[in-house]
Amino acid sequence: MRSIRTFLKGTIPALALLTVMQCTASANAGNGDEKTFIVGPETVDCTGVAPMKCLQVKEKQSENWTNFYSNIEGFTYEPGYEYVLKVKTEKIANPPADASSIKYTLIKQVSKTKK
């Protein structure tokens, strides 16, 4: 009887800690990361799998524009405007060979400025 009580004394706190850690890890896995993107007023010709138009994106005002080959779910681009967007990034498990391994989802359009 005593050995069962001793066993339970050590096991119950360990199980409680494991449960809390598992819930925290699961919650963080679904959140992804947040980024701020500045989207330029014009698209440019680029080549992914085939010729296409790419958004021009940068994360800081001081950076150079880079081609953005993916879509941002929930964002509708309108030429002639510069946007500041809050975007959620999530890793995609087993993406197709010709697709991004990251999914981008609009959280908030911070600004839209006529250029």
Side-chain angles (χ1 to χ4, degrees):
M1 197 56 127
R2 191 168 200 191
S3 63
I4 293 173
R5 200 173 327 155
T6 304
F7 174 76
L8 289 176
K9 271 181 148 176
T11 305
I12 291 175
L15 287 174
L17 180 62
L18 182 61
T19 302
V20 169
M21 288 174 57
Q22 196 65 27
C23 289
T24 303
S26 297
N28 288 340
N31 287 344
D33 290 326
E34 287 185 15
K35 292 188 176 208
T36 300
F37 284 164
I38 302 167
V39 179
E42 304 297 328
T43 57
V44 295
D45 292 327
C46 60
T47 304
V49 175
M52 58 191 268
K53 292 282 191 180
C54 284
L55 295 174
Q56 293 288 283
V57 172
K58 56 187 174 179
E59 291 187 47
K60 295 179 183 169
Q61 200 65 41
S62 60
E63 294 178 347
N64 293 323
W65 295 109
T66 58
N67 292 346
F68 190 75
Y69 293 88
S70 298
N71 292 320
I72 300 172
E73 192 174 295
F75 172 63
T76 303
Y77 173 77
E78 188 178 344
Y81 290 91
E82 185 174 285
Y83 297 86
V84 177
L85 308 175
K86 284 274 190 204
V87 176
K88 180 169 107 174
T89 62
E90 297 175 272
K91 292 195 187 271
I92 298 172
N94 304 316
D98 61 346
S100 175
S101 62
I102 300 173
K103 176 184 173 184
Y104 298 90
T105 306
L106 179 67
I107 297 171
K108 178 182 178 182
Q109 181 176 301
V110 177
S111 68
K112 178 180 178 181
T113 307
K114 182 79 170 155
K115 291 289 179 170

Engineer: What orientation do Tyr77 and Tyr83 show, parallel under 30°, tilted 30 to 60°, or perpendicular over 60°?
Structural biologist: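 If you compare the ring of Tyr77 with that of Tyr83, the planes turn out tilted.
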Engineer: Classify the angle between the aromatic ring planes of Tyr104 and Phe37 as parallel (below 30°), tilted (30 to 60°) or perpendicular (above 60°).
Structural biologist: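 Rings of Tyr104 and Phe37: tilted, as their planes differ by 30° to 60°.
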Engineer: Begin from the C-alpha positions of Thr36 and Val110 and carry the test side chain to side chain contact (heavy atoms under 4.5 Å, CB included) through to its verdict.
Structural biologist: CA-CA 9 Å; Thr36 300; Val110 177; 5.7 Å; no
Engineer: Let me confirm one number: the CD1-CG distance from Ile38 to Leu55, rounded to the nearest 0.5 Å.
Structural biologist: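 The CD1 atom of Ile38 sits 13.5 Å away from the CG atom of Leu55.
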Engineer: Would Trp65 end up clustered with Tyr69 when hydrophobic side chains under 4.5 Å apart are linked, directly or stepwise?
Structural biologist: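 No, no single cluster joins them.
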Engineer: Is the backbone of Ser111 close enough, under 3.5 Å, to the side chain of Tyr81 for a donor and an acceptor to pair up by distance?
Structural biologist: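 Answer holds: no.
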Engineer: Quickly, which of Glu59, Lys58, Glu63 forms a side chain to side chain contact (heavy atoms under 4.5 Å, CB included) with Gln61? Name it, please.
Structural biologist: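 Between Gln61 and the candidates, side chain to side chain contact (heavy atoms under 4.5 Å, CB included) is satisfied uniquely by Lys58.
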Engineer: Tell me whether the count of non-hydrogen atoms from other residues, nucleotides or ligands lying under 6.0 Å of NZ in Lys112 goes above 12.
Structural biologist: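 Counting other residues, nucleotides and ligands, NZ of Lys112 exceeds 12 neighbours.
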Engineer: Taking Thr105 for its side chain and Glu73 for its backbone only, find out whether a donor-acceptor pair lies under 3.5 Å.
Structural biologist: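 Not a single qualifying donor-acceptor pair exists.
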Engineer: If you count heavy atoms of other groups shown closer than 6.0 angstrom to NZ of Lys60, is the number above 12?
Structural biologist: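 No, NZ of Lys60 has 12 or fewer neighbouring heavy atoms, counting only those of other groups under 6.0 Å.
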Engineer: Of Gln56, Lys53, Met52, which meets side chain to side chain contact (heavy atoms under 4.5 Å, CB included) against Thr43?
Structural biologist: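 Option passing the side chain to side chain contact (heavy atoms under 4.5 Å, CB included) with Thr43: Lys53.
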Engineer: Identify the heavy atoms of Thr89 and Lys35 that sit nearest to each other, and give their distance.
Structural biologist: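 Closest approach of Thr89 to Lys35, heavy atoms only: CG2-CD, 4.0 Å.
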